[in-house]
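First the structure, in the form of structure tokens, and then the observations on it.
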Amino acid sequence: MDAATAVTATAGAAAAMVWFRKGLRVHDNPALDAARRGAARVYPVFVLDPRYLRPDPAAHSPGSARAGVARVRFLLESLSDLDAGLRRLGSRLLLLRARDDVPDALCAALRDWNIGKLCFEADTEPYALARDKRVTDFAAALGIEVFTPVSHTLFDPAEIIEKNGGRPPLTYQSFLAIAGEPPKPVMAEYSELPLIGDTGEYELLPVPKLEELGYGDISQENISPFRGGETEALKRMRESLQDKEWVSMFEKPKGDPSAFLKPATTVLSPYLKFGCLSSRYFYHCIQEVYRSTKKHTKPPVSLTGQLLWRDFFYTVSFGTLSFDHMKGNKICKQIPWRQNEELFVAWRDGRTGYPWIDAIMIQLRKWGWMHHLARHSVACFLTRGDLFIHWEKGRDVFERLLIDSDWAINNGNWLWLSCSSFFYQYHRIYSPISFGKKYDPNGDYIRHFIPVLKDMPKEYIYEPWTAPLSVQEKARCIVGRDYPKPVVDHEAASKECRKRMGEAYASNRLGGNTVNGKTSESSRRKSSDGGQDASDLSKSKQPKRRS
DNA sequence: ATGACGTTGAATAC
DNA sequence: GTATTCAACGTCAT
């Protein structure tokens with residue numbers, strides 16, 4: 001404490017801190033911009049969270065409890081690049097290591113460095129809201145000025161919800177109708193930042209290398225081809241936007257999920273997730289391309305449409321209690337998912353016996369990224385399509401392994417794909433055989449991610465169990481020995497799933513649990529006039545018809 | 001009540 | 001490549 005007070009004397013009153021969490025960039029960074037204005041000293045801080053970085057030996061793949069190695073690597077690369085960007089402006093990134101709690105570490109620095117103004121980008125995730133409240137409460141008690149601009153998303157989710165009468169819009173179209181045009185990015189040009197202040201006795205850590213974190217032997221794991229950081233983000237964006245024809249004619253559903261050497265999308269999602277790229281700047285740059293071409297596609301399928309989907313899920317997730325759970329979630333269908341650890345593990349580890357499904361899950365584990373439609377295939381397979389396993393189980397696997405894993409978007413898409421919310425046409429099931437085949441009849445994608453199948457003739461590569469034994473022998477891949485037999489029969493399993501979904505939907509209707517929150521109370525009240533609660537009870541007491 | 005609509009299904013026919 | 005059929009969901013405007 002005494003040392004700390006000594007530090008405050010030299011730091012001066014006009015010290016500001018910019019706290020980085022997401023938003024790992026210099027461009028379009030309102031928090032950084034506000035911190036530098038009128039401050040003699042600026043402390044750019046990132047707090048390393050041991051729960052995010054500490055190796056978890058019990059995890060099903062290398063990494064920590066929260067993140068697979070691919071995303072940890074991406075984060076570290078992003079931090080290195082942020083540090084380099086700040087150094088170009090005469091500053092640097094101050095890395096603090098939390099003992100076990102991020103707010104404690106940050107608050108100690110706020111106090112010890114005598115910070116007068118704290119700036120950080122607003123974050124709407126429940127975890128972040130709880131974390132940030134502890135920091136802002138502490139700052140308020142010390143009389144520290146706090147500035148928390150919205151700059152992660154195009155729009156302010158709270159504002160959209162307010163405009164919609166206090167409830168989040170639950171369809172994309174109604175979201176669009178409210179949203180309008182997003183604010184312009186703040187692209188202030190400046191050549192230097194205020195110097196960092198005295199950091200007293202704080203140990204200033206360099207950005208650790210992935211190898212130093214003790215994840216064991218990760219050399220065997222394929223390395224994700226996507227490098228983190230703002231520099232890489234801007235380079236990747238400019239490369240994508242160079243092909244104006246491609247940008248203006250982009251239609252997401254027409255992309256090829258099996259393309260991996262040159263992905264069918266921009267692969268900017270991980271950079272948006274960490275804020276290495278500003279969504280507003282990206283949006284603005286796409287608009288510029290549109291202005292230079294005769295015509296362009298439109299939301300929901302267009303490139304800007306994808307950014308709007310991101311904001312849609314941020315908004316709904318912000319305005320929905322228990323968005324990341326089935327129970328207690330008003331917009332989520334209540335479905336009696338099956339519990340089957342063996343089938344779940346087969347799915348998670350890419351051992352379902354369906355090469356298309358397994359290749360996608362292996363790409364996920366190794367790269368931390370796969371095409372959107374590939375995600376659809378495996379999510380459908382796990383939940384309503386084949387295995388009838390809870391979407392929360394799949395959500396957890398994606399959340400840990402994806403380099404672009406984003407709380408709002410990941411949960412939103414799992415709700416969507418499992419037909420629990422937003423999308424309800426549960427008869428539309430992705431075939432684990434024919435869906436991939438129509439894009440990649442030769443199975444190059446499968447051969448790349450599942451080397452044991454690389455010599456399987458293309459006639460059998462999507463269904464190796466149908467190959468005659470002589471063919472399997474020639475391909476040096478015996479099904480049941482070198483590659484698993486299918487864990488379920490898709491024809492039978494998907495038929496059963498349809499039936500279960502139909503029953504679950506019927507039961508939800510009778511229970512009055514409609515998605516938009518207005519239960520069938522109103523219609524019931526109208527029809528029963530005298531408030532005959534008994535009929536209501538009897539209705540809800542016999543929801544499960546057995547046929 | 002009714003009909004149009006919904007980012008991305010599969011199988012089949014032309 | 002595009003259209004049709006399959007069987008049929010919830011939401012929203014009328």
Between Tyr439(A) and Trp356(A) (judged by ring centroids, cut-off 6.0 Å), do the two rings come close enough to count as a pair? no
Does His376(A) reach a base, just sugar-phosphate, or nothing at all? Heavy atoms under 4.0 Å. base
Establish, with yes or no, whether the OP1 or OP2 oxygen of dC5(B) is under 4.0 angstrom from a side-chain nitrogen or oxygen of Gln425(A). no
Quick one: is Arg509(A) getting a side-chain N or O under 4.0 Å of the dG10(C) phosphate, OP1 or OP2? yes
With both distances under 3.5 Å as the test, what is the Watson-Crick or G-U wobble partner of dT7(B)? none
Who is the Watson-Crick or G-U wobble partner of dT14(C), with both distances under 3.5 Å? dA1(B)
Given atom CD of Glu491(A) and atom P of dA11(B), what is their separation to the nearest angstrom? 8 Å
Rounding to a whole Å, what distance do you find between Arg428(A):CZ and dC6(C):P? 15 Å
For dT7(B) and dA13(C), measure between their P atoms and round to the nearest Å. 14 Å
Atom P, compared across dG6(B) and dA7(C): separation rounded to whole Å: 23 Å
For the student: nearest non-hydrogen atoms of Phe344(A) and Leu382(A), plus distance: CD1-CD1, 4.3 Å
Tell me: CG of Leu303(A) to P of dT7(B), nearest whole Å? 17 Å
Can you tell me the distance, in whole Å, between the CD1 atom of Ile433(A) and the P atom of dA11(B)? 9 Å
Minimum heavy-atom distance Cys285(A)-Met237(A), with the two atoms named: SG-CE, 3.6 Å
Just checking Gln306(A): base, sugar-phosphate only, or nothing, at a heavy-atom cut-off of under 4.0 Å? base
Are Phe449(A) and Tyr445(A), when compared by the centres of their aromatic rings, separated by less than 6.0 Å? yes
Identify which nucleotide among dT11(C), dG10(C), dG9(B) has an atom closest to any side-chain atom of Thr171(A), counting heavy atoms from C-beta outward. dT11(C)
When the P atoms of dC6(C) and dT2(B) are considered, how many whole Å apart are they? 22 Å
Taking OP1 and OP2 of dT8(B), is either one under 4.0 Å from a side-chain nitrogen or oxygen of Lys254(A)? no
Phe312(A) ring center within less than 6.0 Å of Phe422(A) ring center: yes
Could you work out the separation of dC5(B) and dT4(C) based on their P atoms and round it to a whole Å? 15 Å
